[in-house]
J.: 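Okay, handing you the structure first.
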Amino acid sequence: MYKMIIVDDEPIIQMGLRSILNYNDYEIEIINVASTGEEAIEQIRMYSPDIVLMDINIPVMNGLEVMETIKKESVVSPVFIILSCHNEFEYAQRAIKLGAIDYLLKIELTSENLAEVLRKTILQIKKTKMHTDSEKNDLYMKHVSLVDNFFLKLLNNWFETPESIYEMMTDLDITVSGTYYTCVYLGIPSFTDTASPLPKTAAALTNLCNLITGLCKNYCPCYVAPWNFNSFAIVLYFNPEPEQDLYKNFILPCIQHIQKMILMYQNISLFAGIGTPVTSIDQVSASFNESKTAFRNCTASETLVVYGSLSPKTGHPFNIGIIRKELTAAFDNYDIVTLRKILEQIPELILNYIPDPEQAIAICSDIMHFSAISYKGSEHILDDIFTQQNSYYSLYKCRTTVQAAEWFQSFINDLCRKVEADFESKKNWLLPSIKKYIEEHYMEPITLTDVSACFNVSCGYISTIFKKNNGIGFTECVTQAKIRHAKQLLLKPNAKIYEVASQLGYSDPYYFSKVFKKYTGFSPKEYMTKGTT
C-alpha cells in the first residue's frame, strides 16, 4: 500500500478528500491528516509518506514552504499533489519546479481527474523505486558524501591537526558554530529485546536521521548519521546564555524528547549515552568516545546515561589516534608487514583487556571504517574483501569478545591479501607510466611530490616500487633520464652549457656540471669536445 497524507485547514474539505475516492482501489492508504504547514512537516518526518495531497494556502507555513523544507531535508521526498482555490499561475509554476506532480483547482476537482493524477503519481513512484532494497543498501554503503566524510573523520579523531579540521570545514562550507559541543550515541543495546529494531534499508535510515534532526531543532542544531546498524552518532552544538544549564536546558530534554517521539511513532526504544560538553570542535572525538562508554553502561531500567555520572575508573582504553599515523603510512606505502604488525595488536588487546563485547565490537568497527576511508587503493575496499555470505555486518552479530577478536583476525587476513594484490596489480602499470612521465617531462624539475600528486599515490609507495622492481630509486631514474637527454643537447651545434642546464630544469649550471660528470665521467665541456672530435 502507498501511504498518503492529506493537508488542508478546512475540516469539510478534509472529509471531502477522504470520501471522493475509494483509495484502496489504487493501493493507497490515508495514514493521517494535517491542518497546518508545520503539522505537515512533522507528519512527513514521522511517517515518510509516499504521497502528500496538500492545499497550497495553509496556516503557519504555506504549501510551497513545506515542499522547500522537505526537499532540503530528504533524500527520498514524497510526491506532492497541490490543491488551490485559485488559478494562481505563479504558485503553480513554483510548485511544479519544486517537484509537484500536478496542480489542481478545488473548484474543478472531480473523482475522475483526481484518479488520473493518482495513477500518474503511482507510476512515478514505481519508476523512482526501480532499485530493490538490497541495491539501495549497497548504493548507500558505497556512497559517503564529503560532509559525512568530514564528520566521520572528526568523530574518530582522524585529523592530523586542529587546523586541518577548520581547513576542511572551509573547503566544504560546513558551518558548525557553537561555544559548546556534545556527542550522543543513540541506539539499541544488545541486551534489549526491542519491539522494533532499527530499519535496514538506506532510505529508511535516512528518514530516521531526518526525523531525529527535526526533533533536535527545538533545542539546538545538530548533525546526525547512522553509526552502524544498531546506532546513530549525534553532534549537538549550542550557544547558551550565561545563566542556562547545558544539561537541564538543552541536552537532557532534547534526548528525552527524541526517545519519547521515536518510541511513540516508530515503536523503537532507543538508549542514549551522552559525552561531556567540550568547547572546541577538535575535542569532539573525546566527547564521542565518552558517549559510547556511557551507552555501554545503559541498563534495561536506565535508558539514558551521562558519562559524567559514571565512576572515574570507567574509561575508553583504546583511541585509534594512537595508531593513526602508522596505519595511514602503512596503507600509503602498501607496507604489508607493518600493516599486519600494527593490526595484530588489536585481537590481543581485546582478549586481554576488553571484557565488554560491545566495546570490543566498537574498537573493531572504528578500525574497519578507518581502513575503508584511509586506504587509497580502493573506494570500496569493504565490499572488495567481504562477500555477501561473509558480510562485514557480521561483526555486529558477535556476542563475545572471543568472537570479536576472531572476526578481526579474519579481517586482518582479508585486508592484507587485498592490499598485497592491489600492490602487485598497480606496480605492473604504474612503474611504466611513471617512467613515461619522466621521459615526457625531463625538461622540468621533476619531484617525487609532483609525481605522487599526478598519479594519486603516496611518495612512499613510488619509492617502494622503484626500489623493489626497478633496480634504482626514483631520484636516480629522473637524473639518468636528464643525463641521457643532456648528451644529445650538448652535441648540437652552438650548444651552451648553461642553456642545456636550464632546459633540463637545473637552475645552477655548476651543479648540473657536477651531476653530469658523476654519471658520465666527463664534464659537459669535455663531453662536447670529445663528441665533436
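Any value given below was found using the heavy atoms of this structure, including those in side chains, with hydrogens, waters and symmetry copies removed. The residues of the chain are indexed from 1 along the displayed sequence. Given the structure is predicted, the values throughout are model-derived calculations rather than measurements.
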J.: Please answer whether the main-chain N or O of Lys71 pairs with a side-chain N or O of Ser77 as donor and acceptor at a distance below 3.5 Å.
T.: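 Checking the backbone N and O of Lys71 against the side chain of Ser77, no donor-acceptor pair under 3.5 Å is found.
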J.: Could you check whether Phe411 and Phe408 have their ring centres less than 6.0 Å apart?
T.: yes
J.: Does a sphere of radius 6.0 Å around CD1 in Ile12 hold more than 12 heavy atoms from other residues, nucleotides or ligands, not counting ones at 6.0 Å or beyond?
T.: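 Check fails, neighbour count at 12 or below.
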J.: State whether the side chain of Asp245 and the backbone N or O of Lys248 hold a donor-acceptor pair below 3.5 Å, judged by distance alone.
T.: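 Yes; at least one donor-acceptor contact below 3.5 Å.
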J.: Cut-off 3.5 Å, side chains only: do Gln14 and Ser35 have a donor facing an acceptor?
T.: yes
J.: Would you compute the distance between atom CD of Gln256 and atom CE of Met261 and round it to the nearest 0.5 angstrom?
T.: 14.0 Å
J.: Nearest 0.5 Å, please: how far is CG in Asp55 from CD1 in Ile82?
T.: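 Here the interatomic distance stands at 8.5 Å.
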J.: What are the two closest heavy atoms between Phe271 and Glu302, and how far apart are they?
T.: CD2-O, 4.1 Å
J.: Quick one: does any side-chain atom of Asp102 pair with a main-chain N or O of Val117 as donor and acceptor, under 3.5 Å?
T.: no
J.: Okay, side chain of Glu358, backbone of Arg296: is any donor-acceptor separation there less than 3.5 Å?
T.: no
J.: Could you walk me through whether Lys106 and Asp8 pass the salt bridge (charged side-chain N to carboxylate O under 4.0 Å, His left out) test, one step at a time?
T.: CA-CA 11 Å; Lys106 288 183 179 179; Asp8 198 294; 2.8 Å; yes
J.: Is the side chain of Asn156 donor-acceptor paired with the backbone N or O of Leu152 at a distance under 3.5 Å, no angle test?
T.: yes
J.: Between Leu114 and Leu109, does a side chain to side chain contact (heavy atoms under 4.5 Å, CB included) hold up when you go through it step by step?
T.: CA-CA 7 Å; Leu114 179 57; Leu109 186 63; 4.0 Å; yes
J.: Side chains of Asn297 and Tyr307: do they bring a donor and an acceptor to under 3.5 Å?
T.: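 Short answer, no.
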J.: On a heavy-atom basis, which atom in Leu263 and which in Ser269 lie closest, and how many Å separate them?
T.: CD1-OG, 3.5 Å
J.: For a ring-ring contact (aromatic ring centres under 6.0 Å, His included) check, start with the C-alpha distance between Tyr47 and Tyr265, then their side-chain angles and the critical distance, and finish with the verdict.
T.: CA-CA 8 Å; Tyr47 299 114; Tyr265 289 102; 5.7 Å; yes
J.: Please evaluate residues Tyr219 and Phe250 with respect to the criterion ring-ring contact (aromatic ring centres under 6.0 Å, His included), reporting the C-alpha separation (whole Å), side-chain torsions for both, the decisive distance (0.1 Å), and the verdict.
T.: CA-CA 6 Å; Tyr219 301 91; Phe250 296 101; 8.4 Å; no
J.: Which pair of non-hydrogen atoms, one from Asp422 and one from Tyr375, has the smallest distance, and what is that distance?
T.: OD2-OH, 2.6 Å
J.: Would you call Val79 and Lys120 a side-chain contact if the rule is heavy atoms closer than 4.5 Å?
T.: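 Not in contact.
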J.: Quick check: does any side chain N or O of Arg94 sit under 3.5 Å from a backbone N or O of Leu64, one acting as donor and the other as acceptor?
T.: no
J.: Considering all heavy atoms of both residues, which atom of Ile5 and which atom of Val7 are nearest to each other, and what is their separation?
T.: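 Taking every non-hydrogen atom into account, CG2-CG2, 3.9 Å.
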J.: Using side chain to side chain contact (heavy atoms under 4.5 Å, CB included), reason through Met54 and Leu83 one step at a time and then give a plain yes or no.
T.: CA-CA 6 Å; Met54 178 169 61; Leu83 301 172; over 6 Å; no
J.: Decide yes or no on ring-ring contact (aromatic ring centres under 6.0 Å, His included) for Phe288 and Trp227, but give the supporting numbers first.
T.: CA-CA 11 Å; Phe288 186 57; Trp227 191 249; 4.7 Å; yes
J.: Give the minimum heavy-atom separation between Ile234 and Cys222, together with the two atoms involved.
T.: CG2-CB, 4.3 Å
J.: Out of curiosity, Ile262 CD1 to Leu215 CG, how far, rounded to the nearest 0.5 Å?
T.: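 One gets 5.5 Å once the value is rounded to the nearest 0.5 Å.
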J.: Checking side chain to side chain contact (heavy atoms under 4.5 Å, CB included) for the pair Ile125/Tyr2: CA distance, chi angles, key distance, verdict?
T.: CA-CA 9 Å; Ile125 293 171; Tyr2 298 97; 3.7 Å; yes
J.: Is it the case that the side chain of Ser371 and the backbone of Ile367 share a donor-acceptor pair, with hydrogens and angles ignored and the cut-off at 3.5 Å?
T.: yes
J.: Tell me yes or no: between the side chains of Tyr185 and Ser231, is some donor less than 3.5 Å from an acceptor?
T.: yes
J.: For the side chain of Gln409 and the backbone of Ala405, is there at least one donor-acceptor N/O pair under 3.5 Å apart?
T.: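 Checked: no pair found.
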J.: Would you compute the distance between atom CD1 of Ile212 and atom CG of Leu186 and round it to the nearest 0.5 angstrom?
T.: 5.5 Å
J.: What's the separation between atom CD1 in Ile363 and atom CE in Met368, rounded to the nearest 0.5 Å?
T.: 13.5 Å
J.: Compare all side-chain heavy atoms of Arg18 with those of Ile30 and state whether any distance is below 4.5 angstrom.
T.: yes
J.: Side chains of Thr182 and Ile274: does their closest heavy-atom pair fall under 4.5 Å?
T.: yes
J.: Do the two ring centres, one from Phe150 and one from Phe159, sit under 6.0 Å apart?
T.: yes
J.: Begin from the C-alpha positions of Met15 and Glu10 and carry the test side chain to side chain contact (heavy atoms under 4.5 Å, CB included) through to its verdict.
T.: CA-CA 9 Å; Met15 292 174 61; Glu10 298 181 50; over 6 Å; no
J.: For the atom pair NZ (Lys153) and CZ (Arg324), what is the distance rounded to the nearest 0.5 Å?
T.: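 Result: 9.5 Å between the selected atoms.
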J.: Who pairs with Glu406 by salt bridge (charged side-chain N to carboxylate O under 4.0 Å, His left out), at least two apart in sequence or on another chain?
T.: none
J.: Which atom names give the shortest non-hydrogen contact between Pro240 and Leu246, and what distance separates them?
T.: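 For Pro240 and Leu246, the tightest heavy-atom pair comes out as CG-CD2, 3.5 Å.
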J.: Is Lys292 paired with Asp366 through a side-chain N to carboxylate O contact shorter than 4.0 Å?
T.: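 Lys292 and Asp366: salt-bridged.
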J.: Mark yes or no for whether Tyr103, through its side chain, and Ala100, through its backbone, hold a donor-acceptor pair below 3.5 Å.
T.: no
J.: Between the main-chain N or O of Asn289 and the side-chain N or O of Thr293, is there a donor-acceptor pair closer than 3.5 Å?
T.: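 Answer holds: yes.
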